[in-house]
Undergrad: 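A single structure is presented below for examination.
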Amino acid sequence: MSEQSYYDLVYYITQKIPLGRVSTYGDIADYLSLGSARMVGWALTQSNRAGVGDVPAHRVVNSKGELSGRHNFATPTLMQERLEAEGVLVKNDKVQNFKELRWHPEELDES
DNA sequence: CAGCTGACGCATA
DNA sequence: GTATGCGCCAGCT
């Protein structure tokens, strides 16, 4: 792949998250060697704001499985609704069974 | 140019 | 489990 900005890499990984699964900022940041999970959140913020393609940002949560970015979506409930629509159970703004639903970017490398 | 903020993460107390 | 601090880096005031 050519040299891309960190957001492009984040978008790429985010789009690769299997449906019904979730990932974390830390895992993505570490995989892309961004050095900071904040950069991942920022890239996603820009993506949903500008509506860049189809970036399932709702599948990206923090290390605790909490929907920390729900407030950044069109509506605070959109993130949870989308996750539940994909089969991910969300309770109290937290992904249930998160530990099992957690998806690691490195799986792409093994694929 | 300086400082603050922010969809985070981890260590420590 | 809650509170505080540090690192991290881009963007905005």
Side-chain angles (χ1 to χ4, degrees):
Chain A
M1 296 193 276
S2 307
E3 308 287 305
Q4 298 173 88
S5 302
Y6 65 90
Y7 358 75
D8 294 315
L9 294 170
V10 173
Y11 299 159
Y12 179 77
I13 296 298
T14 305
Q15 289 172 19
K16 289 300 178 192
I17 300 177
L19 194 145
R21 297 267 245 144
V22 294
S23 188
T24 72
Y25 305 99
D27 282 346
I28 296 173
D30 185 60
Y31 179 76
L32 299 177
S33 303
L34 296 177
S36 294
R38 294 189 180 195
M39 306 293 91
V40 178
W42 246 347
L44 293 175
T45 300
Q46 302 301 315
S47 83
N48 82 64
R49 272 192 176 181
V52 179
D54 295 316
V55 183
H58 55 270
R59 292 184 191 153
V60 184
V61 296
N62 64 12
S63 59
K64 297 170 201 143
E66 301 173 314
L67 310 186
S68 38
R70 75 194 142 104
H71 223 291
N72 199 293
F73 281 77
T75 58
T77 55
L78 181 61
M79 189 173 187
Q80 176 171 339
E81 288 180 32
R82 267 184 163 170
L83 284 170
E84 293 189 318
E86 294 182 355
V88 179
L89 183 60
V90 178
K91 183 98 177 190
N92 196 16
D93 300 326
K94 297 177 193 64
V95 176
Q96 301 303 291
N97 215 11
F98 168 65
K99 197 172 184 178
E100 292 184 47
L101 293 174
R102 190 176 186 181
W103 177 81
H104 301 268
E106 54 189 58
E107 289 185 28
L108 285 173
D109 202 48
E110 291 188 29
S111 217

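All values derive from a computational prediction rather than experimental measurement. Below, chain A is the first sequence line, B the second, and so on; all start at residue 1.
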Undergrad: Which letters describe nucleotides 4-9 of chain C, given B = protein heavy atom under 4.0 Å from base, S = only from sugar-phosphate, - = neither?
TA: ---BBB
Undergrad: Write out a two-atom table: protein N or O, nucleotide N or O from nucleotides 11-13 of chain B, distance below 3.5 Å.
TA:
none

Undergrad: Let me know the distance between OH of A/Tyr7 and P of C/dA10, rounded to the nearest Å.
TA: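 The answer, rounded to whole Å, is 9 Å.
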Undergrad: Mind checking A/Ala57 for me? I need base, sugar-phosphate or nothing, with any heavy atom below 4.0 Å counting as a touch.
TA: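 Answer is base: heavy atoms of A/Ala57 come under 4.0 Å of a base.
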Undergrad: In whole angstrom, what separates A/Phe73's CZ from B/dA7's C1'?
TA: 8 Å
Undergrad: Could you list the residues that satisfy side chain to side chain donor-acceptor pair (under 3.5 Å) with A/Glu84, not counting sequence neighbours?
TA: none
Undergrad: Please confirm whether the shortest side-chain N or O distance from A/Ser63 to OP1 or OP2 of B/dG9 is below 4.0 Å.
TA: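 Yes, such a contact exists.
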Undergrad: Return the CG to CD1 distance between A/Leu44 and A/Ile13, rounded to the nearest 0.5 Å.
TA: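 Atom-to-atom, A/Leu44:CG and A/Ile13:CD1 are 11.5 Å apart.
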Undergrad: Do you know the tightest heavy-atom contact between A/Leu34 and A/Tyr6?
TA: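 Result for this residue pair: CD2-CB, 3.3 Å.
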Undergrad: Using side chain to side chain contact (heavy atoms under 4.5 Å, CB included) as the criterion, point out the one residue from A/Thr14, A/Val95, A/Val88, A/Leu19 that pairs with A/Arg59.
TA: A/Leu19
Undergrad: Specify the separation, in whole Å, of atom NZ of A/Lys64 and atom P of B/dG9.
TA: 7 Å
Undergrad: Can you tell me if NZ on A/Lys16 sees more than 12 non-hydrogen neighbours from other groups inside 6.0 Å?
TA: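 No - once you tally the heavy atoms of other residues, nucleotides and ligands closer than 6.0 Å, there are 12 at most.
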Undergrad: How close or far is atom P of C/dG11 from atom CD of A/Gln46, stated in whole angstroms?
TA: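 A/Gln46 atom CD is separated from C/dG11 atom P by 7 Å.
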Undergrad: Round to the nearest Å and state the distance from A/Leu44 atom CG to B/dG6 atom C1'.
TA: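 It is 13 Å, rounded to the nearest whole Å.
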Undergrad: Let's go through A/Glu66 and A/Asp93 carefully: what are the C-alpha distance in whole Å and the side-chain angles of both, what is the deciding distance for side-chain contact (heavy atoms from CB on, under 4.5 Å) to 0.1 Å, and is it a yes or a no?
TA: CA-CA 6 Å; A/Glu66 301 173 314; A/Asp93 300 326; 5.8 Å; no
Undergrad: For A/Asn48 and B/dG6, give me the distance from atom CG to atom P, rounded to whole Å.
TA: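 The distance from CG of A/Asn48 to P of B/dG6 comes to 16 Å, rounded to the nearest Å.
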Undergrad: Check A/Asp27 against A/Trp103 and note the closest heavy-atom contact, atom names and distance.
TA: OD2-O, 4.4 Å
Undergrad: To the nearest angstrom, how far is A/Asn72 atom CG from B/dT5 atom P?
TA: 18 Å
